[in-house]
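Everything on this sheet refers to the single structure shown next.
Scope of the values below: all heavy atoms of this structure, side chains included, with no hydrogens, waters or symmetry mates.
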Amino acid sequence: MESMTTRGGTRWKRFAVVMVPSVAATAAIGVALAQGALAASFSVSGQQFEVAAESLHGWGFVQYGANDVTKQGNKPVAVVGIEKAEITKLCQAVTIPTPFGKVSMKLQAGTGKDKVQAEKLYIDADDLQANAKFTNVDIGVSVTDTTKGPGPAKPGGAHGERGGYVPGSFAQQADEVEFTNVHQRAWATSAGSFTLPGLKMGVNMGEADCKNN
């Protein structure tokens, strides 16, 4: 593994602190944009879900503030884009209210020797906590001038149109990133490819979470 020493020795105990300026910038988005941050190929449901992982190692990282247009209205998010990622002990949990009570679905993968593999991964989240370490990080770069991650993709690109951000607004990028003890609340996720070794899915009545994953 390459050295993970960040330029200037920067290290964040709680990743959410890094994106305060970017998330604040989403206040300017509002009515100005007609579509969300994720590919126009699907509509964001407005149902949040929990994602957790023991570790995530990524190459080609970008993050910027954006706006997801969901069935429940506009939602400001911080979009994380990673060109290639390896994830250990991935958990995803969602609880859905129904006329018969709460129904939950929980997915787990990468709990054995093989890690979850993802390419061109995007996560739209409004709450993210982790220990984080960056290699060659640039903070404050224009979102339209980012070069180290998979996006934001231009309209008509391989993954559809990605809107929801203000051109020229705040972003950050890094050659490499390592997150540990990851817990986040997301509105949507998309990936060019997602390989889930040892996938396990459970559907049950009641609530589910990833706290004891």
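By the 4.5 Å heavy-atom criterion applied to side chains, Glu86 and Gln117 are counted as neighbours. Counting heavy atoms from C-beta on, the side chains of Lys148 and Asn136 come closer than 4.5 Å. Counting heavy atoms from C-beta outward, Thr189 and Phe49 have side chains that approach closer than 4.5 Å.
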Checklist entry - Can you list the steps and then say if Val51 with Val182 is a side-chain contact (heavy atoms from CB on, under 4.5 Å)? => result CA-CA 8 Å; Val51 180; Val182 184; over 6 Å; no
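Atom CD in Gln48 sits 9.0 Å away from atom CG in Asp127 (nearest 0.5 Å). With rounding to the nearest 0.5 Å, the separation of CG in Leu121 from CZ in Phe61 is 11.0 Å. Here CG of Asp209 is found 8.0 Å from SG of Cys91. Values are rounded to the nearest 0.5 Å. Between atom CG of residue Leu128 and atom CD of residue Gln184 there is a gap of 5.0 Å, rounded to the nearest 0.5 Å. Considering OG1 of Thr180 and CG of Asn131, their distance stands at 4.0 Å, rounded to 0.5 Å.
For Glu83, the salt bridge (Lys or Arg N to Asp or Glu O under 4.0 Å) test picks out Lys120, with sequence neighbours left out. In this view, Ser55 and Thr88 satisfy the side chain to side chain donor-acceptor pair (under 3.5 Å) rule, not counting sequence neighbours. For Ser142, the side chain to side chain donor-acceptor pair (under 3.5 Å) test picks out Thr144, with sequence neighbours left out.
The minimum heavy-atom distance between Ala130 and Phe179, with the atom names listed, is CB-CB, 4.3 Å. Shortest non-hydrogen contact noted between Ala171 and Thr146 is CB-CG2, 4.0 Å. Contact between Lys211 and Glu50 at its shortest, heavy atoms only, is N-OE2, 4.0 Å. What you find for Val62 and Pro150 is that their closest heavy atoms are CG1-CD, 4.0 Å. When all heavy atoms are compared, the tightest approach of Ile82 to Gly58 is CG2-CA, 3.8 Å.
Here the side chain of Lys75 pairs no donor or acceptor atom with the backbone of Asp124 at under 3.5 angstrom. Put simply, the side chain of Gln173 never gets that close to the backbone of Gly149: no donor and acceptor are under 3.5 Å apart.
Hydrophobic clustering of Ile, Leu, Val, Met, Phe, Trp and Tyr side chains at less than 4.5 Å, counting indirect connections, keeps Val141 apart from Tyr122.
Among residue pairs with one or both ends in residues 181-193, those qualifying as salt bridge (charged side-chain N to carboxylate O under 4.0 Å, His left out) are Asp126-Arg185; sequence neighbours excluded.
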Name the atoms and distances for all side-chain donor-acceptor pairs under 3.5 Å in residues 194-208, with sequence neighbours left out.
residue: Glu207; atom: OE2; partner: Lys102; partner atom: NZ; Å: 2.5

